[in-house]
2 protein chains.
Amino acid sequence: MCERFSVSRFTIRNAMAELEAAGLVERRKAIGTIVKALEPETAYVQTFQTVEGLLQYAAGTALDISEMIELQAGAELAGWFDLEEGARIVRLGGLRSETETGRKFCWTEIYIRPEFSGLLEHVGLDDRPVHKTLEEVFDEKVQKVELELSACMLSGKRAEQLEIEEGTAALRVVRQYSATDGRVLEVSVSDHPEDRHTFRLEFSYETLVS
Amino acid sequence: MCERFSVSRFTIRNAMAELEAAGLVERRKAIGTIVKALEPETAYVQTFQTVEGLLQYAAGTALDISEMIELQAGAELAGWFDLEEGARIVRLGGLRSETETGRKFCWTEIYIRPEFSGLLEHVGLDDRPVHKTLEEVFDEKVQKVELELSACMLSGKRAEQLEIEEGTAALRVVRQYSATDGRVLEVSVSDHPEDRHTFRLEFSYETLVS
DNA sequence: TAGTGGTCTAGACCACTTC
DNA sequence: AAGTGGTCTAGACCACTAA
């Protein structure tokens, strides 16, 4: 190619590096350069800088934790954490409301992996998210967050706490926070009464690099 | 730096290129190299290869369009498309169900920008998504998809069509498809009765490049 | 006018694969 | 042994900025 285009190897290699970055070719030592694609690959990408972005709440809300109990994990809960059924898990519960207006936003329940039960002493002292405190106190890092959104009905106690009518529809958001090794650190379940919260996502079509 | 580390400029420049790719420094012609950050920036990223990924339905479902009407846009609808109130907009309506079991999955309404009303002749001939047909027939490209998820109640007609009880909670997913120039091409509203669909998202913590 | 980052040439050695 | 991609040296010219 140097001869063919009358340029130095440096120039050819730079050009090839560009093609490689665009994912069009693959270069392998002592093997050669293989064409992988004729067009750059594209995809719809959504990015959040922090886990707080996934929380989606405006900065002006706060979670007021009013319940702290230890319970025996049922099948579903044990499954989430990949633990034996009957394992003792701590659950926090509380109301998230707008700090200014006091408007009740959602009811949140947070399940914490047994190893981190000690977290309770640190929770509620500041108004940072629980997973943030967990990351800090136990030197863990949230590597993955899985969200599940579904609809549900709000019944007796929950409806009362949120000051809504019995049988109101609600958006349920389940968040599962996992560490690098795959251990589920925390699971939160938030019920947002109809009209009090809309979950927004935006995806853009982009060319993928490297 | 060449002197300091006893290497050639090539080596220094390669190293600097790495730092630039990691976003740690910024290099500007005739100005110099400026340190921008001490740690690589990271973010939670979610990727879909196709718009169908955003649809989230298993392959085994099909949309059966049973309604086609032209209506005058109200305030909200006109706002979505950035049109005058009263503009005539076409709306398709139909039931999405599992092809095998016939299980009714959701009720979907699709609003189409006036310019693309001609699309009606092409819709329903195959079972591809409407936005896909639109892209092809009018040579448009969906550049951005915005999703809004909320909870709502299903009433009379809708409940009947989905064969559920009056007053069942549902997950409403509003999708707004935009072209490169920002024009909203299509808006779809899907109501999924409680327990018939859960919307799943997964975000991973990654280092951002370039 | 000195210094910067960008671009490029010509040539060298290495580890590795394949014939 | 020939050929590949990776790494590196030494040196050159350019357009541009800032003192």
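None of the values given here were measured: they were computed from a predicted structure. Convention: sequence-line order gives letters A, B, ...; per-chain numbering from 1.
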Note to self: So that I can tick it off, tell me whether B/Glu146 and B/Arg175 are bridged by a salt bridge, with the cut-off set at under 4.0 angstrom between side-chain N and carboxylate O.
What the structure shows: no
- Query: Does a salt bridge link B/Glu194 with B/Arg196, judged by any charged N lying under 4.0 Å from a carboxylate O?
  - Reply: no
| said: Does A/Arg28 reach a base, just sugar-phosphate, or nothing at all? Heavy atoms under 4.0 Å. | reply: sugar-phosphate
Contacts of A/Arg200 meeting salt bridge (Lys or Arg N to Asp or Glu O under 4.0 Å) (sequence neighbours excluded), chain-then-number -> B/Glu148
Check whether NZ of the Lys or CZ of the Arg B/Lys144 lies under 6.0 Å from the centre of the six-membered ring of B/Tyr177 and within 45 degrees of that ring's axis.
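Verdict for B/Tyr177: no cation-pi partner in B/Lys144.
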Establish, from distance only, whether the side-chain atoms of [X] and [Y] form a donor-acceptor pair under 3.5 Å.
{"X": "B/Thr61", "Y": "B/Arg96", "value": "yes"}
{"X": "B/Glu98", "Y": "B/Thr101", "value": "yes"}
{"X": "B/Tyr111", "Y": "B/Glu109", "value": "yes"}
{"X": "A/Thr108", "Y": "A/Ser190", "value": "yes"}

The correct set of residues in residues 30-40 of chain A placing a heavy atom under 4.0 Å from DNA chain C is A/Ala30, A/Ile31
Task: Closest-nucleotide ordering on DNA chain C, the 5'-leading residue of A/Ser6 and A/Arg9 - done: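 This one resolves to A/Ser6.
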Along DNA chain C, first and last positions that approach a heavy atom of chain B under 4.0 Å: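 On DNA chain C, the outermost contacted nucleotides are C/dG3 to C/dT7.
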